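None of the values given here were measured: they were computed from a predicted structure. Residue numbering restarts at 1 for every chain, and letters A, B, ... go by the order of the sequence lines.
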2 protein chains.
Amino acid sequence: MKWDDVGQLNCSVARTLAVIGDRWTMLIIRNAFIGTRRFADFQEQLGLTKHLLSDRLKRLVDVGIFKKVPYQQGRYEYRFTDMGRALYPVLLSMTAWGDAWLDEGKGAPLLYIHKDCGKKMIPTMVCSECGDAVTARDVMIQPGPGLYSDANTTQHSS
Amino acid sequence: MKWDDVGQLNCSVARTLAVIGDRWTMLIIRNAFIGTRRFADFQEQLGLTKHLLSDRLKRLVDVGIFKKVPYQQGRYEYRFTDMGRALYPVLLSMTAWGDAWLDEGKGAPLLYIHKDCGKKMIPTMVCSECGDAVTARDVMIQPGPGLYSDANTTQHSS
DNA sequence: TGCTAAGGTTCTAAAAAGGAACCATTTAAG
DNA sequence: CTTAAATGGTTCCTTTTTAGAACCTTAGCA
């Protein structure tokens, strides 16, 4: 299977990965959450080639994660749409995993303070209904409305 | 910057992406959470080439996400370590985002039932301390212990 | 003994990433 | 008014990765 076909699978993980699952995209998004908005800043901070950055930003705009906002004659910057901002939990979950498992014993490079309660936070995934923390064993999968709604039945057998 | 250098950055997102941030790895992990354990099954379900699958599994074992468990003479299967199982929130957050933003109006392909409370769950990221849902605006970043602990100071200026 | 299945490796072609150089606007400086 | 420099790219070429197919090795079994 070619990579481009992955986005056609009827699976939310596959479709998400088709959008953000390449080498640089999540790093671009990370920096956008930190406040980066302009082409040159992304390029300097990430050190990727202009060619790639240009391509990735274009794709992120196409998908609807960023929008181009003019800030001068003929200049514009890249800002999150709601769709883009909604990726924050993905970023947080990666951060939390990296902090926990890849810190080489040195502790997390950054700490996350929850403004509302003022404490150091560990991002935690919970059930929206009962608020309990969720692990793989706590979850059961069931077919949903989007599963058989088209001809594409090439998804995993769960 | 070459991709291989990204893993050296003193940033948990970058280090996480260096491990799971390529095209196929998270899909392999997704299937592992569904129960897939054997080479041939991964290959059939994902449709990626044996070459790549072999390489990715090897890397996942090296990193410590999978361990090889023998199940016959000279045969073994790939199972999560604790480190690997800890990736579940990353998978859930991607799923939730895809369900919310990429369903093309058809609804989620799969529903997630939280066994403990029996309800359809939307995975939600909360603060470990106060339990409130977290968005990008609620979080403040602070230098942590791992930030200046080595010569590598090439991280983002937050 | 020969067949099949699992779990690969090797080979080649196609696609993507990396690096450097170049270009078109716009603003700023002399 | 002319030149310089910054922004936001594009083009061209080389090096890496992927994709796809074919081949190999070991174990179990008829």
Side-chain angles (χ1 to χ4, degrees), chain A residues 1-9 14 17-29 31-32 35-63 65-79 154, chain B residues 1-9 14 17-29 31-32 35-63 65-79 154:
Chain A
M1 188 196 290
K2 286 254 178 86
W3 177 248
D4 292 333
D5 302 331
V6 167
Q8 308 308 313
L9 294 178
L17 286 170
V19 176
I20 61 160
D22 77 286
R23 284 145 124 105
W24 292 104
T25 301
M26 274 307 292
L27 283 177
I28 293 171
I29 286 168
N31 279 39
T36 306
R37 292 193 166 77
R38 297 186 186 171
F39 190 94
D41 294 335
F42 281 114
Q43 215 232 317
E44 189 198 325
Q45 291 163 24
L46 294 174
L48 82 176
T49 63
K50 290 169 148 200
H51 191 6
L52 262 196
L53 178 59
S54 177
D55 181 80
R56 289 307 119 88
L57 288 173
K58 214 170 283 172
R59 199 199 302 171
L60 286 168
V61 170
D62 284 352
V63 170
I65 287 174
F66 283 146
K67 61 191 167 195
K68 282 169 119 170
V69 178
Y71 71 93
Q72 254 184 26
Q73 270 296 8
R75 305 282 160 78
Y76 39 83
E77 46 189 30
Y78 296 89
R79 299 213 193 191
T154 330
Chain B
M1 190 195 290
K2 286 255 176 87
W3 178 249
D4 293 333
D5 303 330
V6 168
Q8 309 307 314
L9 294 178
L17 286 169
V19 176
I20 62 161
D22 78 287
R23 283 144 125 106
W24 292 104
T25 301
M26 273 309 290
L27 282 177
I28 292 171
I29 286 168
N31 279 38
T36 306
R37 292 194 166 77
R38 297 188 186 171
F39 190 95
D41 294 334
F42 281 114
Q43 216 234 315
E44 190 197 326
Q45 290 163 26
L46 293 174
L48 83 175
T49 63
K50 290 169 148 199
H51 191 4
L52 262 196
L53 178 58
S54 178
D55 181 80
R56 290 305 120 91
L57 288 173
K58 214 169 285 172
R59 200 198 303 174
L60 287 168
V61 170
D62 284 350
V63 170
I65 287 174
F66 284 146
K67 61 191 166 196
K68 282 169 119 171
V69 178
Y71 71 94
Q72 250 183 30
Q73 270 297 5
R75 306 282 160 78
Y76 38 84
E77 47 189 30
Y78 297 88
R79 299 211 194 192
T154 331

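Remark: the B/Lys2 side chain and the C/dG18 base include no donor-acceptor N/O pair separated by less than 3.5 Å.
Geometric assessment of B/Arg37 against the ring of B/Tyr71 yields a negative cation-pi assignment under the 6.0 Å and 45° thresholds.
In this entry the distance linking CZ of A/Phe39 with C1' of C/dT25 reads 15 Å, nearest Å. Atoms CG (B/Leu27) and P (D/dA19) sit 11 Å apart, rounded to a whole Å. The nearest whole Å value for the distance from the CD atom in A/Gln43 to the C1' atom in D/dT7 is 11 Å. Across the protein-nucleic acid pair, B/Glu77 atom CD and C/dA6 atom P stand 13 Å apart, rounded to whole Å. A/Asp5 places its CG atom 13 Å from the C1' atom of D/dT18, with the value rounded to the nearest Å. Atom CG of B/Leu52 is separated from atom P of C/dC11 by 17 Å (rounded to the nearest Å). For the pair B/Trp3 CH2 and D/dT17 P, the interatomic distance rounds to 12 Å; values are reported in whole Å. Summarising the geometry, the separation between CD on A/Gln45 and P on D/dG8 is reported as 13 Å, rounded to the nearest angstrom.
Counting non-hydrogen atoms under 4.0 angstrom, B/Phe42 reaches nothing in the nucleic acid. Residue contacts shown for B/Tyr78 are limited to sugar-phosphate atoms, with no base heavy atom under 4.0 Å away.
In this pair, B/Phe66 and B/Phe42 present their aromatic rings tilted. The plane angle is within the 30 to 60° band.
The 5' end of DNA chain D is approached more closely, in terms of each residue's nearest nucleotide, by A/Tyr76 than by the other of A/Tyr76 and A/Asp4. Heavy-atom distances to DNA chain C give each of A/Trp24 and B/Lys68 a nearest nucleotide, and the one nearer the 5′ end belongs to B/Lys68. Mapping B/Asp55 and A/Arg75 onto DNA chain D via the closest heavy atom, the residue that lands nearer the 5' end is A/Arg75. Heavy-atom nearest nucleotides on DNA chain C were determined for B/Lys50 and for A/Thr49, and the one closer to the 5' end corresponds to B/Lys50.
Distances were taken from every side-chain heavy atom of A/Arg23 (C-beta onward) to each of D/dG9, C/dG7, D/dT17; the shortest belongs to D/dT17. The side chain of A/His51 has C/dG19 as its nearest neighbour among C/dA6, C/dG8, C/dG19. The B/Ser54 side chain lies nearest to C/dT9 when the options are D/dA19, C/dT9, C/dG18.
Here the side chain of B/Glu77 pairs no donor or acceptor atom with the backbone of B/Lys68 at under 3.5 angstrom.
The two residues A/Val19 and A/Arg59 come nearest to each other via the heavy atoms O-NH1, 4.0 Å.
Listed pair A/Arg56 / C/dA17 meets the phosphate criterion, a side-chain N or O lying under 4.0 Å from OP1 or OP2. Using a 4.0 Å cut-off, no side-chain N or O of A/Tyr71 falls inside it from OP1 or OP2 of C/dT27.
For the side-chain hydrogen bond (donor to acceptor under 3.5 Å, both in side chains) criterion with A/Thr36, the lone passing option out of A/Gln45, A/Gln43, A/Glu44 is A/Gln45.
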